[in-house]
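Below is one structure; the comments refer to it alone.
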Number of protein chains: 2
Amino acid sequence: MANRSTRDDIVGVADDLFYRKGFEHTSFADIAELVKISRGNFYHHFKTKDDILDAVIQKRLVDRNAMLERWESEGKTPVERICSFIDILILNGEKIKLYGCPIGTLTSELAKLNHAARENAGRLFMLFRIWLRRQFVALGREADADALAMHLLSQSQGAATLFNAFQDENFVQREVDQMKDWLKAIVAKAPNRIGDKGPLHEPVDG
Amino acid sequence: MANRSTRDDIVGVADDLFYRKGFEHTSFADIAELVKISRGNFYHHFKTKDDILDAVIQKRLVDRNAMLERWESEGKTPVERICSFIDILILNGEKIKLYGCPIGTLTSELAKLNHAARENAGRLFMLFRIWLRRQFVALGREADADALAMHLLSQSQGAATLFNAFQDENFVQREVDQMKDWLKAIVAKAPNRIGDKGPLHEPVDG
DNA sequence: GTCTATACGCGGATAGAC
DNA sequence: GTCTATCCGCGTATAGAC
């Protein structure tokens, strides 16, 4: 394809607007205004609005996957990597405060619309779930790695939702701290693994 | 007002549809069909769609408040009462699986629409926050009752979001069990109070 | 209080010129 | 590849008869 930049512009702007205003509430006129193209020109790049949604989800999958790979390579230990995940709540705090979690809110909206792209959006959550699972396996928690991944994902989603609802920075910070404490307790419990430097405490079942 | 039943029917149906389809995606035609009135007749009862939203939020506030008062009177101890809250995830499981949490998803949608009723919807969350806070105070946790309330609310929101996303009953059950374990640990830590029968363990800081 | 008919704008989508 | 012009249906809202 000769000129992909307009197409990419559309997807980029749509990604942002779908996040800030929601998929349904975002019109072609909204996107066109920011991309600075006419509405008619859209249809040269996408047949329908749903096609744009598909492209946005695809872009998010690629973007998030790249982020996870970055965390994977930058983090020296599974704990460090998982902390990168936990820290999104702080790093993207301003946006989450205003618009919630991009993945959680999109999934929720598509569920209510009973939209065909729902399954596709579900893969976004799955991406994080599998990545986190792998980190917990690396921490020696093969048996319940998936449950731990889901639990952490759940915590993060809850914190994002309430941050958006109450706009309380102190709350998010407390939740982040608690997640990290929880993670440390996991490490203390689990058998030692490669790249995991923490001292061993006796296991404490709670 | 002579005949309130039509108005109440509208609000009841709108409440349900706003939950299942979202506020924006619900049209007057959708509501009219279920209430079995003509679209024109709407405007005898409500001037605008936003007015219906206000009435729905008001109804939810009343309904939820009644539910909390019921838990208050039925629960013999704060722990029992808080468990009633935790158990909504199971009791309303089928609906949450399909549509998420009615309060969380409405709040999130209104945030994206930047809707005037946003603040009003925020009172719904606040209702639960304050009620939970009171329970934790009754458990002797005056100092951090609000933080505990927010934490539990957060857990519940996260579980609802992921239940909706992954449709996994086992996950919700695990989260519910964990919340109750966490609650038990709180009780074990806190000084004994009226109506709290649990034996005292030594405090264990996490 | 309920209805039918209708206005009006917006959003998605198409046709066709340049 | 981008534009203008236009269609069409839907959704909110209004007018006015019964």
Side-chain angles (χ1 to χ4, degrees), chain A residues 1-59 106 109-110 112-118 120-121, chain B residues 1-57 106 109-110 112-118 120-121:
Chain A
M1 293 119 189
N3 187 358
R4 288 200 64 110
S5 98
T6 298
R7 193 195 137 98
D8 291 348
D9 285 353
I10 292 172
V11 176
V13 166
D15 185 11
D16 185 47
L17 287 178
F18 289 176
Y19 176 36
R20 283 164 36 208
K21 308 183 50 158
F23 166 68
E24 195 174 26
H25 194 56
T26 299
S27 70
F28 280 23
D30 293 330
I31 304 173
E33 189 186 0
L34 288 182
V35 183
K36 296 188 210 309
I37 57 167
S38 68
R39 268 179 304 160
N41 191 9
F42 262 107
Y43 296 85
H44 178 73
H45 302 280
F46 298 96
K47 274 192 271 297
T48 68
K49 194 183 178 186
D50 288 352
D51 287 346
I52 302 184
L53 177 59
D54 288 339
V56 166
I57 293 173
Q58 196 53 43
K59 173 180 159 53
L106 178 65
E109 183 181 3
L110 296 183
K112 298 214 189 237
L113 299 183
N114 205 13
H115 195 286
R118 197 192 168 178
N120 206 9
Chain B
M1 291 119 187
N3 187 358
R4 289 200 62 110
S5 97
T6 298
R7 195 195 134 98
D8 291 348
D9 285 353
I10 293 172
V11 176
V13 166
D15 185 10
D16 184 47
L17 287 178
F18 289 177
Y19 176 36
R20 282 164 37 207
K21 307 183 53 159
F23 167 68
E24 195 174 28
H25 193 57
T26 299
S27 70
F28 280 22
D30 293 330
I31 304 173
E33 189 186 1
L34 289 182
V35 183
K36 295 188 210 309
I37 57 169
S38 69
R39 268 179 303 162
N41 191 7
F42 262 106
Y43 296 85
H44 178 74
H45 302 280
F46 298 96
K47 275 192 270 298
T48 68
K49 194 183 177 185
D50 288 352
D51 286 346
I52 301 183
L53 177 58
D54 287 339
V56 166
I57 293 173
L106 179 65
E109 182 182 3
L110 296 183
K112 299 214 187 235
L113 300 183
N114 204 13
H115 196 286
R118 198 193 167 178
N120 205 8

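Chain identifiers are assigned alphabetically (A, B, ...) following the order of the sequence lines, protein sequences preceding nucleic acid strands; residue numbering begins at 1 within each chain. On a predicted model such as this, the values are computed, not experimentally measured, just so you know.
Outside the 6.0 Å centre-distance limit, the rings of B/F46 and B/F28 are not counted as a close aromatic pair.
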Carefully, step by step, assess A/L110 and A/L53 under the rule side-chain contact (heavy atoms from CB on, under 4.5 Å). CA-CA 11 Å; A/L110 296 183; A/L53 177 59; 3.9 Å; yes

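Between the axis at the start and the axis at the end of the helix from C/dG1-D/dC18 to C/dC18-D/dG1 there is an angle of 0°, using five pairs per end and rounding to 10 degrees.
Applying the salt bridge (charged side-chain N to carboxylate O under 4.0 Å, His left out) rule to B/D15 yields the partners B/R60; only residues at least two apart in sequence or on another chain are considered.
Protein atom CZ of B/F42 is 16 Å distant from nucleotide atom C1' of C/dT4, rounded to whole Å.
Taking only side-chain nitrogens and oxygens, A/H44 never comes nearer than 4.0 Å to OP1 or OP2 of D/dT2.
No side-chain donor-acceptor contact under 3.5 Å links A/H25 and A/D30.
To the nearest 0.5 Å, atom CD of residue B/E33 and atom CZ of residue B/R39 are 11.5 Å apart.
Nearest approach of A/K21 to A/T26, heavy atoms of both residues: CB-OG1, 3.7 Å. Between B/N41 and B/H45, the closest heavy-atom pair is O-CD2, 3.4 Å.
No donor-acceptor distance shorter than 3.5 angstrom exists from the side chain of B/E109 to the backbone of B/G22, with no hydrogens or angles considered.
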Distances under 3.5 Å between protein N/O atoms and the N/O atoms of nucleotides 10-16 of chain D, please, pair by pair.
| from | atom 1 | to | atom 2 | distance (Å) |
| --- | --- | --- | --- | --- |
| D/dT12 | OP1 | B/K49 | NZ | 3.0 |
| D/dT12 | OP2 | B/F28 | N | 2.8 |
| D/dA13 | OP2 | B/K49 | N | 3.0 |
| D/dA13 | N7 | B/Y43 | OH | 3.3 |

